[in-house]
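FYI, side chains are in, hydrogens and waters are out, and symmetry mates aren't considered; it's all heavy atoms of this structure.
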Amino acid sequence: MTAAIAGIDAFPVVVETVLSKGAGFSIVGLPDAAVKESYQRITAAFAECGLRFPHFKTLVNLAPADVKKEGASFDLPTALGILLAGNEEWSRTETASVMVTGELSLSGDVLPVKGALPMAILARKMGLRKLIVPEANVTEAAVVNNLDVYGVSTLTEALEIILGTSTINPVRIDTRALFNAGSTVFDFDFAEVKGQETVKRAIEVACAGGHNLIMTGPPGAGKSMMAKRIPSILPPLDMAEALETTKIHSVAGKLKRGSMLMTTRPFRTPHHTVSPVALVGGGTSPMPGEISLAHNGVLFLDEFPEFPRTVLEVLRQPIEDRVITVSRAKYTVDYPSSFMLVASMNPCPCGYYGHPTRQCTCMPGAVTKYMNRISGPLMDRIDIQVEIQPVEFDELTSCEPGESSVAIRQRVMNARRIQQERYRDESGIHCNAQMNSRLIHKHAWPDEEGMRKLKERLEKLSMSARAFDRILRVARTIADLDYSSRLPIEECIHAPILPRHLNEAIGYRSLDRDTYGQTY
């Protein structure tokens, strides 16, 4: 028994081996070139390990036979099948309760494979007792409880485990202790950020409500620096999210050797030369793209307008549906893509439009043209737009640390708890950013006085109509942050949105003003 990967999940594959009179070796069951080449690796590995390759006609079938098999992870189960079939005594060995995966080198060593974690989850789901994986993948697979996971470094070690003569013990991992220990460890902290209190507040609001965020400002203002610290204030992953996130990175081969469960939210930063396929996933052998690798975390797009428009437009559907379906002629796979989009950009091509001390050198109309590189439908999916100005010298040289990520994270978690309770009965809704029109009317609609003031501000600032719903969503999050520090959760759920909450939310829609970029 072994497994193959489809999307981010594994499906069972049975390796059947038959030896008969004659000569030759063949593999059937829609194998790709890598699977067909396993014969050369297996024969060399047998010789190096002192094992005799049976002199019979060898037929290997990979069932189900109508599904394409890809990769070298079938080397080890195929080699073990040939060994057991070629020895009369070994052929009676019970193998129905064991799953095996691994690539063989010419020296008989077992090399790591992709997707060890979803294979382990499948083995437990099928009720199997043992899983044999490469030594490099054992800690990754061992996070699955109620399954004996063995790590092997050679073909001989795997054979001994199958025959019951091995002294290797299964790897045991305290998943809960590992998860709790790593969920609060971060390389960056907001305490290191000097000044920029307005921007830090906007980031806190974005994290509290799951809102997408774009930051505009001149070079060196701190956009990328603050974006890297966003995971440190997001709510910690729960166990289900951690397993799902680790599965995606395992299938993509992004886990480092010896890695176990991912305990912190991913932070992906693709370069602006990324292709649409690399962003959404797919390829000849389908793999998750950057938006799926950012699942349950942050996708940070620096220099937002520099991305090709064709690349940016593929983000629209995943942002709304939180899942991406990759359809090609030969396959269709679904990858999860529930991420928080964070983007940064210069205000103009030269970078200094609106700078307090430096003159913008762009031609008239260049700012508007630069902004138009981002389509209206995509900008419509970004709730918070905040402008950043350079930090004053006195603030930059101050020795006093800023507010720590721990303190900000606690407020974010308090606000998220309110939203979890508010949307407990709403399928697929977990935070304020996911509210539809019905929920906005129910939970984020201001009173008559608030609506009148909101209308006045929108007309005065010449904001576009699409800003209306975004402002109400953000205002609901600001209200949750406000009430969570002084009211019980039960009262916070239906607490009203006040004018000060609306005023702050309006301040986070600077790019929606019709006059933006037209003043010289």
Side-chain angles (χ1 to χ4, degrees), residues 1-19 24-46 53 57-85 95-106 109-126 128 130-134 136-137 140-141 152 155 158 162 247-248 250-253 281-288 326-335:
M1 182 69 68
T2 185
I5 301 298
I8 64 169
D9 295 312
F11 64 90
V13 175
V14 179
V15 181
E16 301 173 326
T17 309
V18 173
L19 303 184
F25 180 91
S26 58
I27 298 181
V28 297
L30 289 184
D32 71 347
V35 179
K36 292 178 181 178
E37 292 169 354
S38 64
Y39 172 73
Q40 311 296 336
R41 295 189 292 271
I42 290 172
T43 53
F46 273 41
F53 195 91
K57 182 179 180 180
T58 305
L59 173 63
V60 177
N61 178 45
L62 306 178
D66 60 343
V67 179
K68 189 173 181 62
K69 317 301 186 308
E70 299 177 334
S73 63
F74 302 102
D75 287 1
L76 185 57
T78 301
L80 291 173
I82 293 172
L83 283 170
L84 297 180
T95 60
S97 62
V98 184
M99 181 178 286
V100 184
T101 185
E103 177 184 345
L104 284 177
S105 71
L106 300 183
D109 293 334
V110 181
L111 305 179
V113 297
K114 297 177 181 179
L117 178 58
M119 292 181 189
I121 294 173
L122 173 66
R124 183 180 65 178
K125 183 179 180 180
M126 295 175 62
L128 304 183
K130 296 179 181 180
L131 173 65
I132 300 175
V133 297
N137 297 116
E140 170 191 342
V152 296
L155 172 59
I162 291 290
K247 276 174 57 178
I248 297 171
S250 174
V251 169
T284 305
S285 298
M287 283 290 160
V326 180
S327 297
R328 300 292 184 266
K330 295 184 178 180
Y331 64 83
T332 298
V333 293
D334 292 330
Y335 293 121

Set of side-chain contact (heavy atoms from CB on, under 4.5 Å) partners for [X], sequence neighbours left out:
{"X": "Ala85", "result": "Thr17, Leu19"}
{"X": "Ser26", "result": "Leu59"}
{"X": "Glu16", "result": "Val14, Asn61"}

I need the [X] [atom1] to [Y] [atom2] distance, nearest 0.5 Å.
{"X": "Leu80", "Y": "Ile42", "atom1": "CG", "atom2": "CD1", "result": "9.0 Å"}
{"X": "Lys69", "Y": "Leu62", "atom1": "NZ", "atom2": "CG", "result": "5.5 Å"}
{"X": "Lys114", "Y": "Ile5", "atom1": "NZ", "atom2": "CD1", "result": "11.0 Å"}
{"X": "Ile27", "Y": "Glu37", "atom1": "CD1", "atom2": "CD", "result": "10.5 Å"}
{"X": "Thr101", "Y": "Asn137", "atom1": "OG1", "atom2": "CG", "result": "8.0 Å"}

Exercise for the section: Check the pair Leu104 / Val110 against side-chain contact (heavy atoms from CB on, under 4.5 Å), numbers first and verdict last. Expected result: CA-CA 5 Å; Leu104 284 177; Val110 181; 4.1 Å; yes
Can you name the closest pair of heavy atoms from [X] and [Y] and give their distance?
{"X": "Leu111", "Y": "Pro134", "value": "O-CG, 3.1 Å"}
{"X": "Val251", "Y": "Met287", "value": "O-SD, 3.4 Å"}
{"X": "Ala141", "Y": "Leu131", "value": "CB-CD2, 4.0 Å"}
{"X": "Ala45", "Y": "Ser105", "value": "CB-O, 3.7 Å"}
{"X": "Met99", "Y": "Ala3", "value": "SD-CB, 4.0 Å"}
{"X": "Pro112", "Y": "Ala136", "value": "CB-CB, 3.8 Å"}

Pairwise side-chain contact, [X] with [Y], heavy-atom cut-off 4.5 Å (strictly under):
{"X": "Met1", "Y": "Pro12", "answer": "yes"}
{"X": "Phe25", "Y": "Ile82", "answer": "yes"}
{"X": "Phe11", "Y": "Val67", "answer": "yes"}
{"X": "Pro286", "Y": "Val326", "answer": "no"}
{"X": "Glu140", "Y": "Val133", "answer": "no"}
{"X": "Leu76", "Y": "Leu155", "answer": "yes"}
{"X": "Asp9", "Y": "Leu122", "answer": "no"}

Handout entry: Whether Thr2 side chain and Val100 backbone form a donor-acceptor pair below 3.5 Å
Key = yes
Handout entry: For Phe53, all residues meeting ring-ring contact (aromatic ring centres under 6.0 Å, His included), sequence neighbours excluded
Key = Tyr39, Phe46
Problem - Working for side-chain contact (heavy atoms from CB on, under 4.5 Å), residues Thr78 and Val35 - result: CA-CA 10 Å; Thr78 301; Val35 179; over 6 Å; no
Problem - Any residue meeting salt bridge (Lys or Arg N to Asp or Glu O under 4.0 Å) with Asp32, in chain and number order, not counting sequence neighbours - result: none
Problem - Qualifying salt bridge (Lys or Arg N to Asp or Glu O under 4.0 Å) pairs, either residue in residues 70-82, two or more places apart - result: Arg41-Asp75
